[in-house]
Amino acid sequence: LAQEFRQRPARARGARVCAARARCHGPAMLAIGSGGPSGARRQREITLEHVGALASSLEAGDGGAYERVRKGSCLPPQPPRGPQLIVFITLFLHVLNGTMQSPLLPAVRAHFDITATKIGIINSAYPLGALIAVFVFPALSDVVGRKPILVLSYAGVGLGFCFQALSLQTGWSYLHYVALRVVTGAFSGASTVVKAYIADTSDQQSMPRYLAWREAFGTLGYIVGPAFSATIFSFTDLPTAVMVSGFMSITAAGLVAALLGGGCDDDPSPTAQVQAQAQAQAQGQTMDVSGVELAPPLLNGSGSDFKPRDGSPAMRCPPPTPSAEVPACGAIFGIICVSFAYNCGQTFFDSFFGLYADETFGWSPRELGPILTILACVVFFNSAVVYGALVDRFGIMRVAILGLVCIAAGLATISLHDRVAVVAALALYAFGVPMFSPGTPAMLSALADRRRRGLVLGLDSAANAVGRVIAPVVLGALYEWGPGAAFRAAALVTLVGAGLLLAQKRRLSSIVR
C-alpha cells in the first residue's frame, strides 16, 4: 500500500488516507500500540481490509469509491455474521415468543368471556409494563454493557409468559392475567438494546442495512410464530401454546449468555470505549495504518494531519460534520413523535386485525395463522431485498415517508369490509412496515452521542410503549362503536406521522439523506 501511495494521484492518496481516518478514529482505536484492548487490534485488521478494498476500487476506475469514503464507508455492508448474527438469531426467538400470541387472542377472549375493550386492555398491559423497561434497560446498557441487559430482558420475559400459561391452566382470574402481562412487560427492552448494539458495531452508511437485517430476522418470527402457535393450539390447548412461547425467550437468554461477547470490541460498554479514546488523545499518541502516520488531533478540533511515510506533503482531512449543526434535541423529539404515531397504527393492527377477521370473515386461529405467515413472508422479502435498493436510490427519509403513507393507506382500506380490499390492504401494510421501521433507529443513532445512544433509543421506545398502551384502549373503544371508524382513525394517526417526518426532512438533510 505504501508503494501504491507513491504511484497514485493526490486525490486517490487523499481518499485512502481519509479511509484510514474514518476507520481508525472510532472509539478506543487510538489505543493501538499502547497496550489497548484486544478488540482494537482486530479493528486494525478491518482497517487494512477496507483500505485495500478501496485501493482496488480506485484502480478499477470505480468513480463512486471516493464518494463512499467521503461518507465514511469503504465497503458495502455485508450480511450479518459473528456477534451480530448471534444477536439477530436471539432476536428472532424473542420475536417468535411475541408473535405466537396473536392467533391466540380469540381463544383468550373465549377463555375469559370478555369484550373487545377488555382484549384491548390485555394488549395494553404488556407495553404498560414496558414503559419502565424500555427506558431503564437501554440507558443501563450504556453503563454495564449490552450483553447482561439482553440476558436479563430475555429471561424475564420468557419466565413471565411461562407464569401466564400457569395462570391460564390453573384458572386464575382476568385481573391476575392482566397483572402478569404488566410484570412480563417490565422485563422487555431487549429490542432497543439490540438497536444500540447494531449502532455500536456498524458505521453510519451500513447502519440502515443492518437495521433492515434486524427487521428481517424479526420478521422471520412473524413468519414462523403464527403458524407455529396455531399448530400447537390445534394439537394441545391454550396454556401449552403460551408456555412454549415463553421457552423461546428463555432459549434466547441462554444463547446470549453462552455465545455473545461483552460488547463492541469486547469493551464493557460504549462509555468505556469513548473514555479510552479520550485518554489516548490526551496522551498525544500516534498510530500507523498501512503507511499512514496519524498525528494527534489538533486542539481546536478542526481536523487531523496525515503524513504519508514516503515523504509526500502532509494532507488534512476535515473532521466529520458534527451533529451540532442540526438542532439535535428538536430533531430527536420530532423523530420520536413520528415513531409514536407509527406505533399507534401498528399496535392497533396487531391487536384488532385478528378479531376483525374473525368477526367479519369467520377466520379462526387455524385460518388466521397461515394468513399472517404469508403477510410476514412479504415483509421479510421487502426487508431483506427491497429496502436496501430503495434506500440506495432515494435515501432513508423518502423511503420512511413512503412506508408511513402505505401503512396509512392499508389501514384505511381494511375499513371497506371486503375480502379483495383486505388483500390489497395487507399488501400495502406489508410493504410499508419494513420501509419505515429501520429508518427511525438509524436517524436517532446518527443524531445521538455514542455514550447516550442507548438512552436516546430508550426514550424512543418509551414513547412507543405509551402509544402501545393508549392505542388499544382508545381505538378499542372506538372499535366497539364501529370497526371501520377505528381503522380509519388509526390510518389518520399514521398519516400525521408521515407529515411530521416530511416537515423534519430539511432539518435532517445534513445528517441523513
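- Checking each of L501, L404, T440 against Y342 for a side chain to side chain contact (heavy atoms under 4.5 Å, CB included) leaves exactly one that passes, namely L404.
- The side chain to side chain contact (heavy atoms under 4.5 Å, CB included) check on V95 picks up L91, T99, Y222, with sequence neighbours excluded.
- Judged by distance alone, the side chains of S191 and R214 do bring a donor and an acceptor atom under 3.5 Å apart.
- Scored by the side chain to side chain contact (heavy atoms under 4.5 Å, CB included) test, L140 finds V144, I149 as partners (sequence neighbours excluded).
- Residues satisfying the ring pair (Phe, Tyr, Trp, His ring centres under 6.0 Å) criterion with Y429, sequence neighbours excluded, are F349.
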Set out, in order, the CA-CA distance, both residues' side-chain angles and the distance that settles side-chain contact (heavy atoms from CB on, under 4.5 Å) for Y356 and F487, then state yes or no.
CA-CA 10 Å; Y356 171 82; F487 276 100; 3.8 Å; yes

Identify every side-chain donor-acceptor pair in residues 488-496 under 3.5 Å, counting partners at least two apart or on other chains, and give the distances.
unit_1, atom_1, unit_2, atom_2, d
T494, OG1, A490, O, 3.0

Indicate every side-chain donor-acceptor pair of residues 408-416 with a distance under 3.5 Å to a residue at least two apart or in another chain.
unit_1, atom_1, unit_2, atom_2, d
T413, OG1, A409, O, 2.7
S415, OG, A412, O, 2.4

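- Taking S245 as the reference, N97, Q101 meet the side-chain hydrogen bond (donor to acceptor under 3.5 Å, both in side chains) condition, with sequence neighbours excluded.
- Summarising the geometry of L375 relative to A430, their closest heavy-atom pair is CD1-CB, 3.5 Å, with the distance given to 0.1 Å.
- Interatomic distance, CD of Q504 versus CE of M397, reported as 7.0 Å (0.5 Å rounding).
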Under 3.5 Å, side-chain donor or acceptor atoms of residues 459-468 against the rest of the protein: list the pairs with distances, not counting sequence neighbours.
unit_1, atom_1, unit_2, atom_2, d
D460, OD1, S339, OG, 3.2
D460, OD2, N464, ND2, 3.4
S461, OG, T192, OG1, 2.3
S461, OG, L457, O, 3.1
N464, OD1, S339, OG, 2.8
N464, OD1, N343, ND2, 3.1
N464, ND2, S339, OG, 3.2
N464, ND2, D460, O, 3.2
R468, NE, N343, OD1, 3.4
R468, NH2, N343, OD1, 2.9

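- Atoms SG and CD1, from C406 and I401 in turn, are 12.0 Å apart once rounded to the nearest 0.5 Å.
- The heavy-atom pair separating P434 from N382 by the smallest distance is CG-CB, 3.6 Å.
- Under the side-chain hydrogen bond (donor to acceptor under 3.5 Å, both in side chains) criterion, Y154 pairs with no residue at all, not counting sequence neighbours.
- With sequence neighbours excluded, the residues satisfying side chain to side chain contact (heavy atoms under 4.5 Å, CB included) with V136 are I132.
- Residue A257 comes nearest to V151 through the heavy atom pair N-CG2, 3.8 Å, listed as atom of the first residue, atom of the second, then distance.
- Residues that satisfy the side-chain hydrogen bond (donor to acceptor under 3.5 Å, both in side chains) test with T251, not counting sequence neighbours, are absent from this structure.
- Checked against side chain to side chain contact (heavy atoms under 4.5 Å, CB included), A139 has the following partners two or more places apart in sequence or in another chain: L455.
- To the nearest 0.5 Å, the span separating CD1 on I470 from CG on L475 amounts to 10.0 Å.
- Distance OG1/T90 to CZ/F217: 10.0 Å, rounded to 0.5 Å.
- Remark: L259 CG to I86 CD1 distance equals 5.0 Å, nearest 0.5 Å.
- Between the CG atom in L426 and the CZ atom in F431 there is a gap of 15.5 Å [rounded to 0.5 Å].
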